[in-house]
> 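Got a structure for you, questions after.
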Amino acid sequence: MKELVNVLLKKNYIYRSLKEIDKKTLGSRKKIDIYEGVDTNSYYAAIFVLVQKSRFLRKNAEALEQLLEQLKVVQDHNYKKKLLIYQMPLCGKAKEQMRQDGWVLINASV
């Protein structure tokens, strides 16, 4: 959690509260950490932390979007911000698609 807060602070994202979401409630077995944060303006943010060795492809972006939709239903929130903190190579097409969908991409390995 401390590493996550440090990465967010480097990019000037400040959250009053961070809460980890259990993946089992979403029916997911993916190796991803999901957090729900409330910023200083009381807006909710969905924060996904993904670390993998293989490249993040366009199909992974679509799966992540579906996971976000399940999170909206389970938590009964409409998230103002969607953040992906990653440590892996990212496909250019996947990066472009996610930015068009409103995601904020943060490379944690830099």
> Please examine the side chains of I85 and Y13, heavy atoms only from C-beta on, and report whether any two atoms are closer than 4.5 Å.
no
> Check whether more than 12 heavy atoms from other residues, nucleotides or ligands sit under 6.0 Å from atom CD of E69, and answer yes or no.
yes
> For K72, does the NZ atom sit with more than 12 other heavy atoms under 6.0 Å from it, leaving out its own atoms?
yes
> Tell me, do I32 and L67 make a side-chain contact under 4.5 Å, heavy atoms counted?
yes
> If you group Ile, Leu, Val, Met, Phe, Trp and Tyr by side-chain heavy-atom gaps below 4.5 Å, do M88 and V51 land in one group?
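Per the 4.5 Å side-chain linkage, M88 and V51 are not co-clustered.
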> Rounded to the nearest 0.5 Å, what's the gap from NZ on K82 to CG on L68? Could you check?
6.0 Å
> What are the two closest non-hydrogen atoms of L18 and G37, and how far apart are they?
CD2-CA, 3.8 Å
> Would you kindly confirm whether L64 and I106 end up in one hydrophobic cluster when ILVMFWY residues are joined by side chain heavy atoms under 4.5 Å apart?
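The answer is no; the residues belong to distinct hydrophobic clusters.
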> Hey, which of V104, L105, V7, V49 is the one that makes side chain to side chain contact (heavy atoms under 4.5 Å, CB included) with L83?
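Only one of V104, L105, V7, V49 forms a side chain to side chain contact (heavy atoms under 4.5 Å, CB included) with L83, namely V104.
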> Return the CD1 to CD1 distance between I34 and I47, rounded to the nearest 0.5 Å.
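I34 CD1 to I47 CD1: 11.5 Å, rounded to 0.5 Å.
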> State, with a plain yes or no, whether a side-chain heavy atom of W103 is found less than 4.5 Å away from one of D101.
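When only atoms from C-beta onward are counted, D101 and W103 do touch, with a gap below 4.5 Å.
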> Give every residue pair that meets the side chain to side chain donor-acceptor pair (under 3.5 Å) criterion with at least one member in residues 17-32, sequence neighbours excluded.
none
> Are M1 and F48 connected, step by step, through hydrophobic side chains (Ile, Leu, Val, Met, Phe, Trp, Tyr) whose heavy atoms are closer than 4.5 Å?
no
> Consider side chain to side chain contact (heavy atoms under 4.5 Å, CB included). Of N12, N6, L4, which one does L8 pass it with?
L4
> Just to verify, what does Y15 make a ring-ring contact (aromatic ring centres under 6.0 Å, His included) with, not counting sequence neighbours?
none
> Nearest heavy-atom pair of Q70 and L26: which atoms, and what distance?
OE1-O, 3.1 Å
> Does any pair with a residue in residues 37-60 pass side chain to side chain donor-acceptor pair (under 3.5 Å), and if so which ones, sequence neighbours excluded?
R16-S42, R58-Q97
> Taking C-beta and beyond as the side chain, do E36 and Y79 meet within less than 4.5 Å on heavy atoms?
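The answer is yes, as the side chains (C-beta and beyond) meet within the 4.5 Å cut-off.
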> When hydrophobic residues are tied together by side-chain contacts of less than 4.5 Å, even through go-betweens, does L57 share a cluster with L90?
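L57 does not cluster with L90.
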